[in-house]
2 protein chains.
Amino acid sequence: MIEEKGILFVLSGPSGVGKGTVRKALFEKNINLKYSISATTRKPRAGEIDGVDYFFKTREEFEQMIKENKLLEWAEFVGNYYGTPIDYVKNTINAGQDVFLEIEVQGAMQVRKAFPEAVLIFLIPPSLEELKNRIIGRGTETEDIVKDRLETAKVEIEMMSAYDYVVVNDEVEKACKRIEAIVEAEHYRRDRVEVSYKKLLEVE
Amino acid sequence: MIEEKGILFVLSGPSGVGKGTVRKALFEKNINLKYSISATTRKPRAGEIDGVDYFFKTREEFEQMIKENKLLEWAEFVGNYYGTPIDYVKNTINAGQDVFLEIEVQGAMQVRKAFPEAVLIFLIPPSLEELKNRIIGRGTETEDIVKDRLETAKVEIEMMSAYDYVVVNDEVEKACKRIEAIVEAEHYRRDRVEVSYKKLLEVE
(Lines give C-alpha, C1' and ligand atoms only; values in the text may rest on other atoms or scores of the structure.)
Protein backbone atom coordinates (compact mmCIF):
# COMPACT_ATOMS: atom_id res chain seq x y z
CA MET A 1 0.00 0.00 0.00
CA ILE A 2 2.79 2.40 0.88
CA GLU A 3 6.48 2.47 -0.01
CA GLU A 4 8.35 1.19 2.97
CA LYS A 5 11.98 0.37 3.66
CA GLY A 6 12.81 -3.13 4.82
CA ILE A 7 13.51 -3.87 8.49
CA LEU A 8 16.67 -5.46 9.85
CA PHE A 9 15.75 -8.25 12.31
CA VAL A 10 18.49 -9.75 14.46
CA LEU A 11 18.01 -13.11 16.19
CA SER A 12 20.51 -13.77 18.93
CA GLY A 13 20.73 -15.41 22.34
CA PRO A 14 23.00 -17.43 24.56
CA SER A 15 25.32 -20.07 23.20
CA GLY A 16 23.47 -23.37 22.68
CA VAL A 17 19.92 -21.96 22.77
CA GLY A 18 19.18 -23.19 19.24
CA LYS A 19 19.40 -19.98 17.18
CA GLY A 20 20.51 -21.88 14.07
CA THR A 21 17.72 -24.45 14.29
CA VAL A 22 15.05 -21.78 14.74
CA ARG A 23 16.49 -19.71 11.90
CA LYS A 24 16.46 -22.70 9.53
CA ALA A 25 12.88 -23.64 10.45
CA LEU A 26 11.78 -20.02 9.99
CA PHE A 27 13.31 -19.85 6.51
CA GLU A 28 11.71 -23.12 5.45
CA LYS A 29 8.28 -21.50 5.85
CA ASN A 30 8.73 -17.76 5.41
CA ILE A 31 9.80 -16.35 2.06
CA ASN A 32 9.38 -12.65 2.95
CA LEU A 33 12.64 -12.55 4.88
CA LYS A 34 16.08 -12.48 3.32
CA TYR A 35 18.66 -14.35 5.32
CA SER A 36 22.03 -12.66 5.44
CA ILE A 37 24.74 -15.31 5.37
CA SER A 38 27.56 -14.72 7.85
CA ALA A 39 31.26 -14.98 7.16
CA THR A 40 33.26 -17.14 9.59
CA THR A 41 36.70 -18.64 10.13
CA ARG A 42 35.38 -21.69 11.97
CA LYS A 43 35.58 -25.10 10.30
CA PRO A 44 32.41 -26.33 8.59
CA ARG A 45 30.40 -28.85 10.61
CA ALA A 46 29.05 -31.99 8.92
CA GLY A 47 26.53 -30.98 6.25
CA GLU A 48 27.37 -27.26 6.22
CA ILE A 49 27.90 -25.75 2.79
CA ASP A 50 30.08 -22.75 1.92
CA GLY A 51 27.95 -19.86 0.64
CA VAL A 52 24.76 -21.41 2.04
CA ASP A 53 25.28 -21.83 5.80
CA TYR A 54 28.30 -19.52 6.03
CA PHE A 55 30.98 -17.97 3.90
CA PHE A 56 33.94 -19.93 5.23
CA LYS A 57 37.06 -17.69 5.34
CA THR A 58 40.68 -17.95 6.45
CA ARG A 59 41.74 -15.65 9.31
CA GLU A 60 43.72 -13.55 6.80
CA GLU A 61 40.72 -13.09 4.54
CA PHE A 62 38.48 -12.19 7.48
CA GLU A 63 40.92 -9.65 8.94
CA GLN A 64 41.14 -8.00 5.52
CA MET A 65 37.31 -7.57 5.56
CA ILE A 66 37.52 -5.97 9.03
CA LYS A 67 40.19 -3.52 7.82
CA GLU A 68 38.11 -2.57 4.79
CA ASN A 69 34.95 -1.98 6.92
CA LYS A 70 33.06 -4.60 4.95
CA LEU A 71 31.36 -6.07 8.03
CA LEU A 72 28.25 -4.73 9.81
CA GLU A 73 29.35 -6.64 12.90
CA TRP A 74 31.98 -9.18 13.75
CA ALA A 75 33.14 -11.09 16.81
CA GLU A 76 35.70 -13.63 17.88
CA PHE A 77 33.98 -16.54 19.58
CA VAL A 78 35.63 -19.73 20.88
CA GLY A 79 38.69 -18.88 18.80
CA ASN A 80 36.87 -18.13 15.55
CA TYR A 81 35.70 -14.98 13.75
CA TYR A 82 32.06 -14.48 12.78
CA GLY A 83 30.75 -11.45 10.87
CA THR A 84 28.05 -10.00 8.62
CA PRO A 85 28.91 -8.53 5.19
CA ILE A 86 27.47 -4.99 5.24
CA ASP A 87 26.64 -4.32 1.57
CA TYR A 88 24.06 -7.07 1.25
CA VAL A 89 22.19 -5.85 4.34
CA LYS A 90 22.05 -2.20 3.27
CA ASN A 91 21.06 -2.89 -0.35
CA THR A 92 18.31 -5.30 0.65
CA ILE A 93 16.74 -2.96 3.19
CA ASN A 94 16.82 -0.04 0.80
CA ALA A 95 15.00 -2.19 -1.76
CA GLY A 96 12.13 -2.61 0.74
CA GLN A 97 12.99 -6.17 1.76
CA ASP A 98 13.44 -7.33 5.37
CA VAL A 99 16.77 -8.84 6.34
CA PHE A 100 17.17 -11.48 9.03
CA LEU A 101 20.45 -12.03 10.86
CA GLU A 102 21.18 -14.86 13.24
CA ILE A 103 24.31 -13.95 15.20
CA GLU A 104 26.08 -14.21 18.54
CA VAL A 105 25.34 -11.66 21.27
CA GLN A 106 28.54 -9.62 20.84
CA GLY A 107 27.62 -9.09 17.17
CA ALA A 108 24.07 -8.10 18.06
CA MET A 109 25.40 -5.30 20.26
CA GLN A 110 27.45 -3.94 17.34
CA VAL A 111 24.34 -3.99 15.13
CA ARG A 112 22.40 -2.13 17.83
CA LYS A 113 25.00 0.67 17.65
CA ALA A 114 25.43 0.71 13.86
CA PHE A 115 21.67 0.29 13.09
CA PRO A 116 19.64 1.65 16.04
CA GLU A 117 16.45 1.00 14.03
CA ALA A 118 17.19 -2.75 13.88
CA VAL A 119 14.79 -5.03 15.78
CA LEU A 120 16.67 -7.29 18.19
CA ILE A 121 15.09 -10.59 19.23
CA PHE A 122 16.61 -12.54 22.13
CA LEU A 123 16.06 -16.29 22.07
CA ILE A 124 16.12 -17.93 25.51
CA PRO A 125 15.95 -21.55 26.69
CA PRO A 126 12.96 -22.58 28.85
CA SER A 127 15.46 -23.25 31.68
CA LEU A 128 19.21 -23.40 32.39
CA GLU A 129 18.94 -27.19 32.75
CA GLU A 130 17.52 -27.42 29.24
CA LEU A 131 20.34 -25.25 27.89
CA LYS A 132 22.96 -27.54 29.46
CA ASN A 133 21.28 -30.59 27.91
CA ARG A 134 21.36 -28.95 24.50
CA ILE A 135 25.04 -28.04 24.73
CA ILE A 136 25.87 -31.62 25.79
CA GLY A 137 23.47 -33.07 23.24
CA ARG A 138 25.25 -31.42 20.34
CA GLY A 139 28.05 -33.89 21.08
CA THR A 140 30.79 -31.82 19.54
CA GLU A 141 32.28 -30.38 22.76
CA THR A 142 34.39 -31.71 25.66
CA GLU A 143 33.22 -31.51 29.29
CA ASP A 144 35.36 -28.43 29.98
CA ILE A 145 33.99 -26.63 26.94
CA VAL A 146 30.40 -27.46 28.03
CA LYS A 147 31.14 -25.90 31.45
CA ASP A 148 32.69 -22.82 29.83
CA ARG A 149 29.80 -22.41 27.43
CA LEU A 150 27.22 -22.64 30.21
CA GLU A 151 29.06 -19.91 32.15
CA THR A 152 29.25 -17.81 28.97
CA ALA A 153 25.52 -18.38 28.42
CA LYS A 154 24.70 -17.02 31.89
CA VAL A 155 26.65 -13.85 31.15
CA GLU A 156 24.96 -13.62 27.74
CA ILE A 157 21.48 -13.94 29.26
CA GLU A 158 22.21 -10.81 31.28
CA MET A 159 22.55 -8.96 27.96
CA MET A 160 18.83 -9.43 27.34
CA SER A 161 18.34 -5.80 28.45
CA ALA A 162 19.61 -4.45 25.13
CA TYR A 163 16.99 -6.32 23.09
CA ASP A 164 13.51 -5.39 21.87
CA TYR A 165 11.87 -8.80 22.23
CA VAL A 166 12.40 -12.02 24.18
CA VAL A 167 11.24 -15.33 22.66
CA VAL A 168 11.36 -18.67 24.48
CA ASN A 169 12.67 -21.59 22.43
CA ASP A 170 10.62 -24.30 24.15
CA GLU A 171 9.61 -25.79 20.78
CA VAL A 172 11.12 -24.73 17.46
CA GLU A 173 7.72 -24.45 15.77
CA LYS A 174 6.35 -22.23 18.55
CA ALA A 175 9.46 -20.04 18.57
CA CYS A 176 9.08 -19.55 14.81
CA LYS A 177 5.41 -18.50 15.15
CA ARG A 178 6.37 -15.96 17.83
CA ILE A 179 9.08 -14.49 15.62
CA GLU A 180 6.67 -14.32 12.69
CA ALA A 181 4.22 -12.30 14.81
CA ILE A 182 7.02 -9.91 15.79
CA VAL A 183 8.12 -9.48 12.16
CA GLU A 184 4.54 -8.72 11.07
CA ALA A 185 3.73 -6.38 13.98
CA GLU A 186 6.90 -4.34 13.51
CA HIS A 187 5.64 -3.33 10.05
CA TYR A 188 2.63 -1.66 11.68
CA ARG A 189 4.63 0.40 14.17
CA ARG A 190 3.50 3.99 13.90
CA ASP A 191 6.98 5.49 13.76
CA ARG A 192 7.75 3.45 10.62
CA VAL A 193 4.60 4.30 8.65
CA GLU A 194 3.24 7.60 9.99
CA VAL A 195 4.69 9.94 7.35
CA SER A 196 3.61 7.75 4.43
CA TYR A 197 0.07 7.29 5.74
CA LYS A 198 -0.45 10.96 6.52
CA LYS A 199 0.53 11.75 2.92
CA LEU A 200 -1.77 9.02 1.60
CA LEU A 201 -4.68 10.41 3.62
CA GLU A 202 -3.89 13.98 2.57
CA VAL A 203 -3.50 15.44 6.04
CA GLU A 204 0.14 16.43 5.46
CA MET B 1 5.60 -20.00 31.41
CA ILE B 2 5.99 -16.87 33.53
CA GLU B 3 3.53 -14.83 35.56
CA GLU B 4 2.62 -11.84 33.48
CA LYS B 5 0.13 -9.00 33.87
CA GLY B 6 -2.40 -8.50 31.11
CA ILE B 7 -1.98 -5.75 28.52
CA LEU B 8 -4.49 -3.00 27.78
CA PHE B 9 -4.98 -2.69 24.01
CA VAL B 10 -6.87 0.30 22.64
CA LEU B 11 -8.32 0.30 19.13
CA SER B 12 -9.24 3.73 17.87
CA GLY B 13 -9.25 5.75 14.67
CA PRO B 14 -11.20 8.35 12.74
CA SER B 15 -14.97 8.43 12.75
CA GLY B 16 -16.38 5.99 10.20
CA VAL B 17 -13.24 3.87 9.73
CA GLY B 18 -15.00 0.71 10.92
CA LYS B 19 -13.64 0.27 14.44
CA GLY B 20 -16.80 -1.49 15.64
CA THR B 21 -16.88 -3.93 12.73
CA VAL B 22 -13.21 -4.87 13.19
CA ARG B 23 -13.69 -5.24 16.94
CA LYS B 24 -16.68 -7.55 16.47
CA ALA B 25 -14.86 -9.71 13.90
CA LEU B 26 -11.82 -9.91 16.18
CA PHE B 27 -13.91 -11.09 19.12
CA GLU B 28 -15.66 -13.72 17.05
CA LYS B 29 -12.33 -15.50 16.55
CA ASN B 30 -10.12 -14.57 19.50
CA ILE B 31 -11.01 -15.69 23.00
CA ASN B 32 -7.81 -14.50 24.70
CA LEU B 33 -8.98 -10.87 24.75
CA LYS B 34 -11.56 -9.47 27.14
CA TYR B 35 -13.68 -6.77 25.57
CA SER B 36 -14.43 -3.90 27.87
CA ILE B 37 -17.95 -2.71 27.22
CA SER B 38 -18.33 1.06 27.08
CA ALA B 39 -20.96 3.14 28.77
CA THR B 40 -22.81 5.63 26.54
CA THR B 41 -25.71 8.05 26.49
CA ARG B 42 -26.42 7.60 22.79
CA LYS B 43 -29.56 5.78 21.69
CA PRO B 44 -29.18 2.09 20.80
CA ARG B 45 -29.00 1.39 17.04
CA ALA B 46 -31.01 -1.48 15.56
CA GLY B 47 -29.78 -4.77 17.00
CA GLU B 48 -27.68 -3.27 19.79
CA ILE B 49 -28.19 -4.81 23.20
CA ASP B 50 -27.70 -3.11 26.59
CA GLY B 51 -24.85 -4.75 28.52
CA VAL B 52 -23.52 -6.42 25.37
CA ASP B 53 -22.75 -3.67 22.84
CA TYR B 54 -22.84 -0.82 25.37
CA PHE B 55 -24.13 0.05 28.81
CA PHE B 56 -26.81 2.54 27.78
CA LYS B 57 -27.03 5.36 30.35
CA THR B 58 -28.98 8.58 30.84
CA ARG B 59 -26.95 11.81 30.92
CA GLU B 60 -27.57 12.04 34.67
CA GLU B 61 -26.28 8.53 35.30
CA PHE B 62 -23.21 9.14 33.14
CA GLU B 63 -22.32 12.44 34.80
CA GLN B 64 -22.56 10.72 38.18
CA MET B 65 -19.94 8.18 37.00
CA ILE B 66 -17.65 11.02 35.89
CA LYS B 67 -17.97 12.70 39.30
CA GLU B 68 -17.15 9.46 41.11
CA ASN B 69 -14.04 8.80 38.91
CA LYS B 70 -15.51 5.52 37.73
CA LEU B 71 -14.38 6.01 34.11
CA LEU B 72 -10.93 5.32 32.67
CA GLU B 73 -11.76 7.69 29.84
CA TRP B 74 -14.82 9.47 28.60
CA ALA B 75 -15.75 11.85 25.80
CA GLU B 76 -18.68 13.73 24.40
CA PHE B 77 -19.09 12.94 20.72
CA VAL B 78 -21.84 14.21 18.40
CA GLY B 79 -23.86 15.18 21.47
CA ASN B 80 -23.43 11.91 23.39
CA TYR B 81 -21.17 10.67 26.17
CA TYR B 82 -19.00 7.56 25.77
CA GLY B 83 -16.77 6.12 28.49
CA THR B 84 -14.96 3.08 29.89
CA PRO B 85 -15.72 1.78 33.41
CA ILE B 86 -12.33 1.68 35.17
CA ASP B 87 -12.75 -1.21 37.66
CA TYR B 88 -13.27 -3.90 35.07
CA VAL B 89 -10.13 -2.86 33.18
CA LYS B 90 -7.87 -2.79 36.24
CA ASN B 91 -9.11 -6.06 37.73
CA THR B 92 -8.80 -7.92 34.45
CA ILE B 93 -5.25 -6.76 33.76
CA ASN B 94 -4.13 -7.59 37.28
CA ALA B 95 -5.53 -11.11 36.82
CA GLY B 96 -3.17 -11.57 33.84
CA GLN B 97 -5.82 -11.14 31.15
CA ASP B 98 -5.57 -8.72 28.22
CA VAL B 99 -8.25 -6.08 27.85
CA PHE B 100 -9.34 -4.66 24.51
CA LEU B 101 -11.00 -1.25 24.23
CA GLU B 102 -12.55 0.16 21.07
CA ILE B 103 -13.05 3.88 21.60
CA GLU B 104 -13.04 7.29 19.95
CA VAL B 105 -9.77 9.20 19.59
CA GLN B 106 -10.40 11.66 22.43
CA GLY B 107 -10.83 8.72 24.80
CA ALA B 108 -7.68 7.04 23.54
CA MET B 109 -5.67 10.13 24.48
CA GLN B 110 -7.04 9.96 28.03
CA VAL B 111 -6.04 6.28 28.26
CA ARG B 112 -2.55 7.17 27.00
CA LYS B 113 -2.20 9.56 29.95
CA ALA B 114 -3.84 7.37 32.60
CA PHE B 115 -2.18 4.10 31.39
CA PRO B 116 1.09 4.95 29.62
CA GLU B 117 1.80 1.21 29.27
CA ALA B 118 -1.37 0.71 27.17
CA VAL B 119 -0.82 -0.29 23.52
CA LEU B 120 -2.64 2.09 21.19
CA ILE B 121 -3.64 0.87 17.73
CA PHE B 122 -4.84 3.39 15.16
CA LEU B 123 -7.19 2.05 12.48
CA ILE B 124 -7.09 3.99 9.20
CA PRO B 125 -9.10 3.78 5.99
CA PRO B 126 -7.23 2.83 2.78
CA SER B 127 -8.13 6.32 1.45
CA LEU B 128 -10.19 9.40 2.30
CA GLU B 129 -12.58 8.54 -0.55
CA GLU B 130 -13.22 5.15 1.03
CA LEU B 131 -13.87 6.78 4.40
CA LYS B 132 -16.46 9.12 2.86
CA ASN B 133 -18.20 6.17 1.20
CA ARG B 134 -18.38 4.36 4.52
CA ILE B 135 -19.86 7.35 6.35
CA ILE B 136 -22.48 7.77 3.60
CA GLY B 137 -23.04 3.99 3.40
CA ARG B 138 -24.05 3.75 7.02
CA GLY B 139 -27.18 5.65 5.93
CA THR B 140 -27.96 7.06 9.35
CA GLU B 141 -26.61 10.58 8.81
CA THR B 142 -27.69 13.68 6.85
CA GLU B 143 -25.45 15.30 4.20
CA ASP B 144 -24.29 18.02 6.61
CA ILE B 145 -23.36 15.47 9.24
CA VAL B 146 -21.40 13.46 6.63
CA LYS B 147 -19.43 16.62 5.76
CA ASP B 148 -18.80 17.39 9.42
CA ARG B 149 -17.70 13.86 10.17
CA LEU B 150 -15.27 13.82 7.24
CA GLU B 151 -13.68 17.06 8.50
CA THR B 152 -13.53 15.59 12.02
CA ALA B 153 -11.91 12.45 10.59
CA LYS B 154 -9.15 14.51 8.94
CA VAL B 155 -8.36 16.16 12.26
CA GLU B 156 -8.48 12.77 13.97
CA ILE B 157 -6.04 11.22 11.46
CA GLU B 158 -3.49 13.84 12.51
CA MET B 159 -3.65 12.34 16.00
CA MET B 160 -1.99 9.17 14.68
CA SER B 161 1.29 10.45 16.18
CA ALA B 162 0.23 9.48 19.70
CA TYR B 163 -0.30 5.81 18.78
CA ASP B 164 1.99 2.76 18.88
CA TYR B 165 0.68 1.02 15.75
CA VAL B 166 -1.18 1.90 12.57
CA VAL B 167 -3.39 -0.72 10.92
CA VAL B 168 -5.15 -0.24 7.57
CA ASN B 169 -8.77 -1.39 7.44
CA ASP B 170 -8.82 -2.35 3.76
CA GLU B 171 -10.52 -5.67 4.57
CA VAL B 172 -11.94 -6.55 7.99
CA GLU B 173 -10.33 -10.01 7.98
CA LYS B 174 -6.88 -8.58 7.14
CA ALA B 175 -7.20 -5.84 9.76
CA CYS B 176 -8.04 -8.50 12.37
CA LYS B 177 -4.99 -10.60 11.44
CA ARG B 178 -2.75 -7.54 11.77
CA ILE B 179 -4.17 -6.72 15.19
CA GLU B 180 -3.70 -10.33 16.31
CA ALA B 181 -0.01 -10.18 15.33
CA ILE B 182 0.37 -6.97 17.35
CA VAL B 183 -1.36 -8.49 20.39
CA GLU B 184 0.91 -11.55 20.24
CA ALA B 185 4.16 -9.64 19.61
CA GLU B 186 3.52 -7.21 22.48
CA HIS B 187 3.68 -10.15 24.90
CA TYR B 188 7.26 -10.79 23.81
CA ARG B 189 8.49 -7.21 24.33
CA ARG B 190 11.59 -7.32 26.45
CA ASP B 191 10.53 -4.58 28.88
CA ARG B 192 7.43 -6.63 29.83
CA VAL B 193 9.19 -9.96 30.48
CA GLU B 194 12.82 -9.21 31.29
CA VAL B 195 12.61 -9.39 35.10
CA SER B 196 10.61 -12.62 35.11
CA TYR B 197 12.88 -14.36 32.62
CA LYS B 198 16.08 -13.33 34.38
CA LYS B 199 14.70 -14.83 37.59
CA LEU B 200 13.64 -18.00 35.76
CA LEU B 201 17.12 -18.38 34.27
CA GLU B 202 18.77 -17.63 37.61
CA VAL B 203 20.89 -14.70 36.48
CA GLU B 204 19.22 -12.29 38.89
Side-chain angles (χ1 to χ4, degrees), chain A residues 1-2 4 13-14 17 119-131 150-151 153-171 174-175 177-204, chain B residues 1-2 4 13-14 17 119-132 150-151 153-170 174-175 177-204:
Chain A
M1 177 156 309
I2 55 165
E4 205 192 327
V17 73
V119 175
L120 270 59
I121 303 168
F122 197 74
L123 198 66
I124 61 167
S127 68
L128 272 191
E129 198 53 36
E130 177 65 24
L131 184 64
L150 200 61
E151 276 314 301
K154 278 190 174 185
V155 174
E156 287 171 338
I157 288 167
E158 283 170 3
M159 295 170 76
M160 191 193 290
S161 315
Y163 287 71
D164 300 298
Y165 295 93
V166 180
V167 165
V168 180
N169 186 20
D170 47 354
E171 287 175 36
K174 284 184 183 171
K177 283 220 165 98
R178 291 167 188 143
I179 293 168
E180 287 178 290
I182 292 167
V183 168
E184 183 174 1
E186 277 291 324
H187 281 274
Y188 311 137
R189 287 196 74 83
R190 188 259 312 155
D191 45 2
R192 294 190 196 283
V193 296
E194 182 176 10
V195 174
S196 306
Y197 280 133
K198 281 191 173 171
K199 273 184 192 153
L200 181 77
L201 296 170
E202 301 159 39
V203 297
E204 231 176 43
Chain B
M1 177 157 306
I2 54 164
E4 204 192 329
V17 72
V119 175
L120 270 60
I121 302 168
F122 196 75
L123 197 66
I124 60 167
S127 69
L128 272 190
E129 198 53 35
E130 178 64 24
L131 185 64
K132 193 179 170 186
L150 200 60
E151 277 313 301
K154 279 188 173 186
V155 173
E156 288 170 337
I157 288 168
E158 283 169 3
M159 295 170 77
M160 192 191 292
S161 315
Y163 287 71
D164 299 298
Y165 295 94
V166 180
V167 164
V168 180
N169 187 21
D170 47 354
K174 284 183 183 174
K177 283 220 164 97
R178 291 166 188 144
I179 293 167
E180 286 178 290
I182 291 167
V183 168
E184 183 174 1
E186 277 292 324
H187 281 275
Y188 310 137
R189 287 196 74 83
R190 189 259 312 155
D191 45 1
R192 295 192 196 281
V193 296
E194 183 175 9
V195 174
S196 306
Y197 280 134
K198 282 190 173 171
K199 274 185 193 150
L200 182 77
L201 295 171
E202 301 158 40
V203 297
E204 230 176 42

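A note on names: the letters A, B, ... follow the listed sequences, proteins ahead of strands, and every chain is numbered from 1. Scope of the values below: all heavy atoms of this structure, side chains included, with no hydrogens, waters or symmetry mates.
- Figure legend: B:R189 and A:Y165 shown as a cation-pi pair, the cationic atom lying under 6.0 angstrom from the six-membered ring centre and within 45 degrees of its axis.
- The two residues A:A185 and B:A181 come nearest to each other via the heavy atoms CB-O, 3.8 Å.
- Ranked by heavy-atom pairs under 4.5 Å with chain B, the list A:E184, A:R178, A:M160 is led by A:R178.
- Each of A:I124, A:V167, A:V166 was compared with B:V193 under the side-chain contact (heavy atoms from CB on, under 4.5 Å) criterion, and only A:V166 meets it.
- Taking the side chain as every heavy atom from C-beta outward, A:Y197 and B:V168 approach each other to under 4.5 Å.
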| said: Walk me through whether B:R190 and A:D164 qualify under side chain to side chain contact (heavy atoms under 4.5 Å, CB included). | reply: CA-CA 5 Å; B:R190 189 259 312 155; A:D164 300 298; 5.9 Å; no
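- Here B:I182 is the residue among B:D191, B:L131, B:I182 with the most heavy-atom pairs under 4.5 Å with chain A.
- Note that CD of A:E158 and CG of B:L201 are 11.0 Å apart. Values are rounded to the nearest 0.5 Å.
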